[in-house]
Amino acid sequence: MTETRLRFPPSPTGYLHIGGARTALYNWLYAKQTGGKLVLRIEDTDTGRSSAESIKGIIDGLDWLGIDYDEGPYFQTDFETDHIAASQRLLTSGAAYKCFCSKEELDAKREAALAAKKPLGYDRSCRNLSTEEITAKDVAGIPSVVRFKVPDRNGLLGYDDKIFGRIEAAYSEIDDFVIVRSNGKPLYLLCNVVDDIRDRITHIIRGQDHMTNTLKQVMLYEALKAPLPIFGHMPLTLDTKKAKISKRSHGEIVAVQFYRDNGFIPWAFNNFLALLGWSAGNDQEFFSKEELIRDFSLERINKSSAIFNYKKDDPKFITDPKAIYFNEHYLRTMAISELGQMVRKELEAENLWQECYASDRKVWYLDTLALIRDRFHTLKDFTSLGRAYFSDNFIVDSKPLDKNVLKFPELQTWLPELAARYEMLAEFTLEATEKAARELAEELAIKPGILINAMRTVVTGQLAGPSMFDIVLAIGRETVVRRLRDVGKYFKLV
RNA sequence: GUCCCCAUCGUCUAGUCAGGUCCAGGACAUCGGCCUUUCACGCCGACAACACCGGUUCAAAUCCGGUUGGGGACGCCA
């Protein structure tokens with residue numbers, strides 16, 4: 001049994017988007033499952049559209065997701081001599097021929113066919129040129145491209161798709177496609193096959209948009225006398241209007257980078273992506289990395305395309321609600337120490353990180369994260385909604401400010417009074433802080449909720465949060481007292 | 001226009017290959033309820049789908065044919 005070898009060959013013409021990420025993930029999973037290798041190959045033969053920035057974006061994106069590769073990145077342009085040699089072989093063996101039709105001519109024909117609603121294929125005018133004619137045109141300096149000569153056969157051309165099953169089409173339906181440009185540069189269909197042969201790729205898992213390419217490439221493998229790899233075409237990811245997802249028409253929301261920048265947990269996002277078009281055949285939705293590698297299978301990939309369910313300008317969900325749901329799940333259930341590492345990066349970016357959180361205050365740090373994470377959706381929430389736990393420099397939300405504080409001007413004396421009592425407490429415990437607050441409320445003949453909600457507001461800036469006295473202990477006596485005493489400042493602003 | 005592919009709740013899907021256990025199960029979202037000093041979490045419940053038409057069969061979401069709908073491809077892009 002030979003080693004399985006897979007590849008992820010993005011063209012560096014934009015950032016890594018979720019469709020590409022899903023393709024990379026499925027290839028990665030299959031490689032890991034079979035103990036094979038994953039090759040990263042940058043297909044940069046379209047020099048006009050390829051950019052270094054894009055290459056970096058793709059590599060960073062894979063890195064963030066944790067999709068590692070065993071070989072590469074290789075660059076397709078580094079193998080141009082291989083591609084040209086292959087085209088020569090095809091030319092000499094008669095599997096390909098020179099075509100002298102000009103681009104303008106072809107474009108005109110295509111447009112005419114489109115307008116007339118006729119088939120758009122190449123009319124094969126140069127297919128049967130004699131040696132003399134070819135030489136004459138060459139001598140005359142007429143530019144030519146190299147076209148693959150689709151065999152003149154009656155039967156069906158086909159292959160067994162791991163996902164879709166047997167795929168077939170009549171030879172007569174396939175165009176004599178161009179494999180080398182008139183400037184001598186080989187094209188994708190050829191380069192891709194030559195590289196896959198050289199890289200000894202055994203399984204090609206790619207988007208359904210390549211299905212017609214595959215039919216053509218099957219002939220290329222045959223002409224190049226190379227064994228055919230196993231193909232599997234993944235249904236595309238569509239938007240809610242069922243249009244193919246692309247960076248161009250959908251913007252940031254489909255870029256992997258968006259999820260990194262918005263506080264998503266890498267594995268949560270992989271898990272979401274994996275379930276977008278695949279299921280284990282049961283009700284399981286959450287998979288650890290090991291489980292997913294073990295349970296993943298090409299055969300269970302759904303044949304119909306999945307919709308990435310995000311709604312533009314939705315006030316409640318910045319992206320597909322299910323993606324957020326997966327993120328929340330991991331946020332709440334992952335090992336707290338691991339979460340601690342991730343939140344650390346967020347705190348550092350906001351200048352809120354303190355070294356003691358990794359040493360003498362480590363227990364406090366992790367306990368605090370455990371206390372507040374239940375209500376959060378992304379890693380970003382720790383520095384926004386949870387800012388008051390790490391800094392005095394937090395914003396008090398206007399809604400609770402109006403509702404819980406400004407509505408009761410007497411709080412300007414009540415809260416400082418509570419602060420004074422907290423200062424006097426012999427033991428600053430859950431029971432003692434709650435008792436003190438309730439006693440004060442009773443003395444004042446007000447509902448404890450008034451005091452408690454006001455506390456929550458000035459201490460955390462938020463309308464909602466964990467149990468108030470857990471908060472008090474987490475934030476600590478000194479800070480709580482200071483914030484309670486400072487309540488007057490909110491009234492002055494009005 | 002031609003070719004290829006697909007079709008179960010709003011979304012992701014189980015069930016389809018081996019027809020009956022499915023008047024279709026789970027999850028997200030939505031809506032209600034419980035819990036609660038708040039808000040979440042959690043728990044409980046509700047809403048909600050086999051695209052359509054024919055055929056085969058004692059029996060069809062499942063098999064066959066057609067229709068419709070959707071997607072993809074048809075580049076000297078990848």
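Protein chains get the first letters and strands the later ones, always in sequence-line order, with residue 1 at the start of each. Only heavy atoms go into these numbers, but all of them, side chains included; no hydrogens, no water, no symmetry mates.
Residue A:Arg438 places its side chain closer to B:U37 than to any other of B:C12, B:C6, B:U37. Considering only side-chain atoms of A:Met468, the nucleotide from B:U37, B:U11, B:U2 that sits closest is B:U37. Side chain of A:Ile167, nearest nucleotide from B:C12, B:C4, B:U37: B:C4.
Taking atom C1' on both B:C3 and B:A46, the two are 47 Å apart, rounded to the nearest angstrom. On the P atoms, B:G71 is 41 Å away from B:G33, given to the nearest whole Å. Here, B:U2 and B:A48 have their P atoms 41 Å apart, quoted to the whole Å. Here, B:G66 and B:C28 have their P atoms 40 Å apart, quoted to the whole Å. The gap from the C1' atom of B:G75 to that of B:G70 amounts to 24 Å, rounded to the nearest Å. Taking atom C1' on both B:C17 and B:C12, the two are 23 Å apart, rounded to the nearest angstrom. Taking atom C1' in both B:G15 and B:G54, the straight-line distance is 24 Å, to the nearest Å. A distance of about 8 Å separates the C1' atoms of B:U68 and B:A51, rounded to the whole Å.
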Exercise. How does protein reach along nucleotides 67-78 of chain B, written 5' to 3' as B (base within reach of a heavy atom under 4.0 Å), S (only sugar-phosphate), or - (no contact)?
Worked result: ---SSSSBSBBB

For this session: Classify every nucleotide of nucleotides 24-29 of chain B by which part a protein heavy atom approaches to under 4.0 Å, writing B for the base, S for the sugar-phosphate alone and - for neither, in 5'-to-3' order.
Result: -BSBSS

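When all heavy atoms of A:Leu40 and A:Phe8 are compared, the pair lying nearest together is CD1-O, 3.4 Å. Heavy atoms only, all atoms of each residue included: A:Ala388 and A:Val459 are closest at CB-O, 3.5 Å.
Checking the phosphate oxygens (OP1, OP2) of B:A14, a side-chain nitrogen or oxygen of A:Asn302 falls inside 4.0 Å. Considering only side-chain N and O atoms, A:Arg300 lies under 4.0 angstrom from the phosphate OP1 or OP2 of B:A14.
The distance between atom CG of A:Asp160 and atom P of B:C4, rounded to the nearest whole Å, is 16 Å. One atom, CG of A:Leu276, and another, P of B:A14, lie 12 Å apart when rounded to the nearest Å. Going from atom CD1 of A:Ile452 over to atom P of B:C39 covers 13 Å, rounded to whole Å. Summarising the geometry, the separation between CG on A:Asp314 and P on B:U30 is reported as 9 Å, rounded to the nearest angstrom. Between A:Ile324 atom CD1 and B:U11 atom C1' the separation is 13 Å, expressed in whole Å. Counting to the nearest Å, the P atom of B:G1 and the CD atom of A:Glu111 are 18 Å from each other. Taking atom CD1 on A:Ile372 and atom P on B:C41, their separation rounds to 16 Å, with Å as the unit. Rounded to a whole Å, the CD1 atom of A:Ile18 is 12 Å from the P atom of B:C12.
Between A:Arg483 and A:Thr460, the side chains place no donor N or O within less than 3.5 Å of an acceptor N or O (distance only, hydrogens not considered). Side-chain contact annotation: A:Gln208 with A:His233, donor-acceptor N/O pair under 3.5 Å absent. A donor-acceptor contact closer than 3.5 angstrom links the side chains of A:Tyr97 and A:Asp176. Counting only N and O atoms by type, the side chains of A:Asn27 and A:His203 include no donor and acceptor under 3.5 Å apart. Under the 3.5 Å distance criterion, with hydrogens and angles disregarded, a donor-acceptor pair is assigned to the side chains of A:Asp195 and A:Gln76.
In this structure, B:G10 forms a base pair with B:C28, meeting either the Watson-Crick or the G-U wobble geometry with both donor-acceptor distances under 3.5 Å. B:G1: Watson-Crick or G-U partner is B:C74, with both key distances under 3.5 Å. Base pairing analysis places B:U16 opposite nothing; no Watson-Crick or G-U wobble pair with both distances below 3.5 Å involves it. In a base pair of the Watson-Crick type (N1 to N3 plus N6-O4 or O6-N4) or a G-U wobble (N1-O2 and O6-N3), with each distance short of 3.5 Å, B:C63 is matched with B:G55.
Ring geometry for A:Trp278 against A:Phe296 counts as tilted: the plane angle lies between 30° and 60°, on a 0 to 90° scale. A:Tyr325 and A:Phe286 have tilted rings, their planes meeting at an angle from 30° to 60° on a 0 to 90° scale.
Checking A:Ala169 against A:Asp374, the closest nucleotide of RNA chain B that is more toward the 5' end is the one next to A:Ala169.
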For this session: Walk me through it: do A:Asp160 and A:Arg166 pass the test salt bridge (Lys or Arg N to Asp or Glu O under 4.0 Å)?
Result: CA-CA 4 Å; A:Asp160 291 302; A:Arg166 183 76 188 169; 3.4 Å; yes

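Checking A:Tyr330, A:Tyr259, A:Phe272 one by one against A:Phe264, the ring pair (Phe, Tyr, Trp, His ring centres under 6.0 Å) holds for a single residue, A:Tyr259. Test A:Asn271, A:Ile18, A:Leu273 against A:Leu25 for side-chain contact (heavy atoms from CB on, under 4.5 Å) and you get one pass: A:Leu273.
Taking the six-membered ring for Trp and the full ring otherwise, the centers of A:Tyr310 and A:Phe317 sit at least 6.0 Å from each other.
When heavy atoms are screened at a 4.0 angstrom cut-off, A:Gly281 is found touching the sugar-phosphate backbone but no base atom. A:Gly207 comes within 4.0 angstrom of no nucleic acid atom, judged by non-hydrogen atoms across all strands. Contact annotation for A:Gln284: no contact, since no heavy-atom pair falls under 4.0 Å across all strands.
Looking at A:Ser467, its side chain has no donor and acceptor atom pair within 3.5 Å of the base of B:U36. Residue side chain A:Arg332 does not reach the base of B:C41 through any donor-acceptor N/O pair under 3.5 Å, judged by distance alone.
Across residues 456-464 of chain A, A:Arg456, A:Leu463, A:Ala464 each have a non-hydrogen atom less than 4.0 Å from an atom of RNA chain B (numbered order).
A:Tyr490 places no side-chain N or O within donor-acceptor distance of the main-chain N or O of A:Leu406, the cut-off being under 3.5 Å.
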